[in-house]
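See structure below.
Just so you know, these numbers use all the heavy atoms, side chains as well, and skip hydrogens, waters and symmetry mates. Order of listing sets the numbers, starting from 1, for every ligand and every atom in it. We number each residue from 1, following the sequence as shown.
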Amino acid sequence: MSHGFETRAIHAGQAPDPRTGAVIPPLYLTSTYAQEAVAQPRLGYEYSRSANPTRDALQECLAALEGGVRGLAFASGMAAEDTLVRAVCAPGDHVVIPDDAYGGTYRLFAKVLQRWGLDWSVAPVSDPDAVRAALTPRTKLVWVETPTNPLLGIADLGALASLAHHHDALLVVDNTFASPYLQQPIAHGADVVVHSTTKYLGGHSDVVGGALVVRDAGLADEIAYHQNAMGGVGGPFDAWLTLRGVKTLGVRMDRHCDNAERIVEFLLQHPAVAEVRYPGLPEHPGHKVAAGQMRRFGGMISFRTAGGEPAAVAVCDRAELFLLAESLGGVESLIEHPGRMTHASAANSPLEVPGDLVRLSVGIETATDLIADLEQALRTE
Ligand SMILES: *Cc1c(COP(=O)(O)O)cnc(C)c1O
């Protein structure tokens, strides 16, 4: 019997401990495991870089939430990304990445993997024709975020999956912004789902982690081999904290979405706001596609200020309840200036973001308090 999402979030990979009945998976803070006899590990556990029961619980749960055959947990989203690319590509291969990719993803390709000999180009992932035009005979990966960060563009997962597969490339979807509660890319044809579990999956801004969820068992084995060989695994306590967060993902996401919808309404009527970007808005160019592949439209909002970059910076500085901080997806609301903060590494590149842009990660506080804070932050003296 296949269970619903919230049931899987609470139970998948998390059966009571067979020895004690503990309801929560034990935190196995151990690097190594005593063996029964020479080269005879109990239950397959030898060394915690290779496998750890707490990490296994998280991995199993993430695979169940995304509908993949296997989940792999890493020390960070970036470690997951690096391991994936090196497992699947060789020097000389080519990848297509979004023209408004997460700044760290852009930096990984432009500054690290390029030195390794990987070729890459950028394309607007909301335009399948532009992605097709960017493909080369050596393209191994089509890398997509949807919604994108920080401009909240929408990619059509089904269209990009057929396009990638037609060219013998894999479709990789960074599902950090939506979380598996709102969108499950494997059901739309994606081969690998990437997460920064630091964000919505962990949900409490207390742990950094990453994950991959894979559609195909052979590919999963290949990546798991690299995970062990490269060593970017997450620690057991990180896995335990992340799993604790995952249990409430559904209820948190619904409140993130409720609050975001209220704030979008408020921003739309505010004279100091020039433009609001939110995929839930019918006038958003990706709204129809988003509605076809997302349950709701998420807790991230970007907006442009009427007063240009100085006004955008001032709003960020004045906000009080919205904490001025990078990252996203936690229960507390955050505000940031992408041009000078999260996306500063993309300055003077094709991925540079507008200076008048403000990004909100809407938390689950009382909506009227959040709106009052934005009201005072947007005041024009
Ligand atoms: C934060 C983030 C990452 C990187 O994850 P870390 O856990 O910070 O290494 C990748 N993609 C997106 C969309 C992110 O928001």
Side-chain angles (χ1 to χ4, degrees), residues 55 58 62 66 71-86 95 97-113 122 125-126 141 143-155 157 172-180 182-183 185 190 192-213 227 230-235 237-239 241-242 245-246 253 256 277 279 294 298-302 325-330 334-338 341-346 351 353 357 359-363:
R55 192 169 85 233
L58 172 63
L62 293 177
E66 286 287 3
L72 297 163
F74 292 84
S76 67
M78 295 319 303
E81 294 187 14
D82 186 31
T83 304
L84 168 62
V85 176
R86 292 186 205 255
V95 301
I97 63 171
D99 68 352
D100 60 345
Y102 172 70
T105 298
Y106 170 74
R107 183 174 56 197
L108 176 69
F109 285 102
K111 309 285 181 193
V112 178
L113 293 167
V122 300
V125 292
S126 54
L141 301 177
W143 191 287
V144 168
E145 293 174 29
T146 183
T148 61
N149 177 17
L151 296 173
L152 301 175
I154 297 293
L157 294 175
V172 174
V173 179
D174 183 335
N175 202 27
T176 299
F177 265 43
S179 90
L182 298 181
Q183 170 175 279
V192 183
V193 174
V194 176
H195 277 289
S196 169
T197 58
T198 314
K199 315 294 168 54
Y200 287 108
L201 283 163
H204 296 75
S205 306
D206 53 9
V207 59
V208 170
L212 301 174
V213 180
Q227 181 192 39
M230 292 171 67
V233 293
F237 189 43
D238 294 359
L241 278 173
T242 305
V246 165
M253 288 313 297
H256 284 295
R277 300 215 180 190
M294 297 179 79
M300 299 301 297
I301 302 169
S302 289
E326 302 192 355
S327 196
L328 61 112
L334 305 179
I335 191 167
E336 68 123 356
H337 186 268
M341 294 172 64
T342 49
H343 289 63
S345 64
L351 284 80
V353 296
L357 192 76
R359 188 187 80 178
L360 303 178
S361 172
V362 178

When you measure from the side chain of T176 to the backbone N and O of H195, does any donor-acceptor pair fall under 3.5 Å? no
Just to confirm my output: which protein heavy-atom neighbour is closest to atom 6 (P) of ligand 1, and how far is it? G77 N, 3.3 Å
Nearest heavy-atom pair of T148 and F177: which atoms, and what distance? O-CE2, 3.8 Å
State, to 0.1 Å, how close G329 and H256 come at their nearest heavy-atom pair, and which atoms those are. O-NE2, 4.1 Å
Close N or O approach (E145, ligand 1; < 3.5 Å): no
Do you know which two heavy atoms are closest between L334 and S327, and how far apart they sit? CD1-O, 3.5 Å
With heavy atoms of T198 as the reference, note each atom of ligand 1 found under 4.0 Å away. 7 (O)
Which of the numbered atoms in ligand 1 are below 4.0 angstrom from a heavy atom of G209? 7 (O)
M78 N/O to ligand 1 N/O under 3.5 Å: yes
If you scan protein heavy atoms around atom 14 (C) of ligand 1, the nearest is K199 NZ, 3.0 Å
Answer yes or no: is there a donor N or O on one side and an acceptor on the other, between the side chain of N175 and the main chain of Q183, under 3.5 Å? yes
Among all protein heavy atoms in this structure, tell me which lies nearest to atom 4 (C) of ligand 1, with the distance rounded to 0.1 Å. Y102 CE2, 3.4 Å
Under 3.5 Å donor-acceptor, S196 side chain and G77 backbone: no
Close-contact set for ligand 1 against D174 heavy atoms, below 4.0 Å: 10 (C), 11 (N), 12 (C), 13 (C)
Looking only at distance, does S196 have an N or O less than 3.5 Å from an N or O of ligand 1? yes
Judged by non-hydrogen atoms, does H195 sit under 4.0 Å from ligand 1? no
With a 4.0 Å heavy-atom cut-off (strictly under), which part of L328 contacts ligand 1: side chain, backbone, both or neither? side chain
Closest heavy-atom pair and its distance - A73, Q227: O-NE2, 2.8 Å
May I ask you to list the atoms of ligand 1 that are less than 4.0 angstrom from any heavy atom of E81? 10 (C), 11 (N)
Where is the tightest heavy-atom contact between L357 and P338, given as atom of each residue plus distance? O-CD, 3.3 Å
